[in-house]
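Shown next, in structure tokens, is the structure this report addresses.
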Amino acid sequence: GHDHALLLNEAYEVLMRSSSRKADGFGKSRGGFGSGYTGDGYSSWNGPIRSQALFVDENKCIGCRECVHHAGETFAMDDVLGSAHVEVQFGDVEQQIQVAVESCPVNCIHWVGSEELPVLEFMARPQRKEGHGVFGGGWERPKDVFAAARNFAKKLERQEQQESSRGANGSISSCLFLRIENHVKFRD
């Protein structure tokens, strides 16, 4: 049993590594902490980028497929994780999207600012867990993706300030952190 568990864990890591490489553009990275974060979201846009975007909190999603049923060009199911996500922002007409949002039985679909979407989508994906000893390692998602995104944005801001002090240009503004923080306050 132990040998099979090790084999399964290894296979799972290989699959997650290849799927995360696909999701983040084959390993483009800011380097250091937040490995794999590119600043780009995972969902694509139908038409020009708007000020608002759709985000599915995959931890709360129960996999009911209501959103996919009503707006199948916007939402898609991740059969591995058992939750919905936004595939194409505004892939359907707004009326269909609104019906999909309203039909969600657990209110896991949120309207967020388009500038905060990349961090939220990155944090919603399973992250590599630091492992210690025999039982360490693996993958996990933060329980509260909005709080995790707020903390991640703070770290990015600190990293940007450090790079700026060394003469490098940063790319994440404090506006992102404030919008995520305000969304969390509004949500609560």
Side-chain angles (χ1 to χ4, degrees), residues 12 15-28 34 36-129 138-153 172 175-177 179-188:
Y12 182 73
L15 289 173
M16 290 304 294
R17 215 175 310 135
S18 68
S19 71
S20 70
R21 260 186 262 142
K22 288 177 192 169
D24 66 27
F26 296 98
K28 291 188 298 181
Y37 179 70
T38 63
D40 298 325
Y42 296 118
S43 57
S44 61
W45 287 80
N46 182 21
I49 294 178
R50 303 177 190 189
S51 63
Q52 292 279 309
L54 287 163
F55 171 72
V56 176
D57 185 349
E58 296 178 39
N59 286 331
K60 291 185 178 176
C61 181
I62 59 173
C64 69
R65 299 181 183 266
E66 283 295 312
C67 56
V68 177
H69 173 71
H70 293 290
E73 298 297 317
T74 300
F75 299 96
M77 285 299 295
D78 185 333
D79 293 324
V80 173
L81 299 174
S83 58
H85 63 273
V86 177
E87 189 78 21
V88 179
Q89 296 287 338
F90 301 99
D92 295 284
V93 295
E94 290 192 38
Q95 183 180 7
Q96 286 176 290
I97 293 171
Q98 192 58 38
V99 169
V101 171
E102 291 172 0
S103 69
C104 179
V106 292
N107 297 323
C108 65
I109 306 170
H110 303 274
W111 287 101
V112 298
S114 59
E115 69 277 351
E116 65 189 293
L117 184 65
V119 172
L120 286 167
E121 287 183 337
F122 176 73
M123 296 309 298
R125 296 288 180 229
Q127 303 291 318
R128 189 119 172 86
K129 185 169 67 171
W139 299 87
E140 66 181 349
R141 285 196 281 200
K143 290 182 189 218
D144 184 347
V145 71
F146 291 99
R150 185 174 58 243
N151 291 335
F152 188 73
I172 304 297
C175 177
L176 173 65
F177 166 69
R179 290 204 42 115
I180 292 172
E181 187 174 59
N182 288 338
H183 181 75
V184 170
K185 287 179 184 173
F186 178 74
R187 193 182 109 241
D188 293 338

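Residue numbers count from 1 along this sequence.
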Self-check item: For E58, all residues meeting side-chain hydrogen bond (donor to acceptor under 3.5 Å, both in side chains), sequence neighbours excluded
Solution: S83, R125, R141
Quiz item: In Å and rounded to the nearest 0.5 Å, what is the NZ to NE2 distance from K60 to H110?
Solution: 5.0 Å
Quiz prompt | Closest non-hydrogen atom pair between A100 and S103, with its separation | solution = O-OG, 2.9 Å
Extract all donor-acceptor atom pairs below 3.5 Å that involve side chains of residues 68-76 and protein atoms in other chains or at least two apart in sequence.
unit_1	atom_1	unit_2	atom_2	d
H70	NE2	E66	OE1	3.2
T74	OG1	G91	N	3.1
T74	OG1	D92	N	3.0
T74	OG1	D92	OD2	2.8

Exercise. Heavy atoms only: give me the nearest N46-F90 pair and the separation to one decimal.
Key: ND2-O, 3.0 Å
Quiz item: Are any non-hydrogen side-chain atoms of C67 and V56 less than 4.5 angstrom apart?
Solution: no
Exercise. Determine the minimum heavy-atom distance between V145 and A124, stating which atoms define it.
Key: CG2-N, 3.7 Å
Self-check item: Residues forming a side-chain hydrogen bond (donor to acceptor under 3.5 Å, both in side chains) with Q96, sequence neighbours excluded
Solution: none
Quiz item: Between Y42 and H85, does the ring centroid distance fall short of 6.0 Å?
Solution: no
Quiz item: Which residues pass the side-chain hydrogen bond (donor to acceptor under 3.5 Å, both in side chains) test with E94, sequence neighbours left out?
Solution: R50
Quiz item: Does the side chain of D57 come within less than 4.5 Å of V106's, by heavy atoms?
Solution: no
Quiz prompt | Closest contact, heavy atoms only, W45 versus V88 | solution = C-CG1, 4.3 Å
Quiz prompt | L120 and F146, any side-chain heavy atoms less than 4.5 Å apart | solution = yes
Self-check item: Distance, nearest 0.5 Å, that separates CD of E87 from CG of L54
Solution: 13.0 Å
Quiz item: Can you tell me how far CD1 of I49 sits from OG of S44, rounded to the nearest 0.5 angstrom?
Solution: 10.5 Å
Exercise. Indicate yes or no: at least one non-hydrogen side-chain atom of Y37 is less than 4.5 angstrom from one of P118.
Key: yes
Quiz item: Is the backbone N or O of S43 less than 3.5 Å from a side-chain atom of E121, with the two atoms forming a donor-acceptor pair by type?
Solution: yes
Quiz item: Which residues pass the side chain to side chain contact (heavy atoms under 4.5 Å, CB included) test with P48, sequence neighbours left out?
Solution: none
Self-check item: Closest contact, heavy atoms only, K143 versus N59
Solution: O-ND2, 3.3 Å
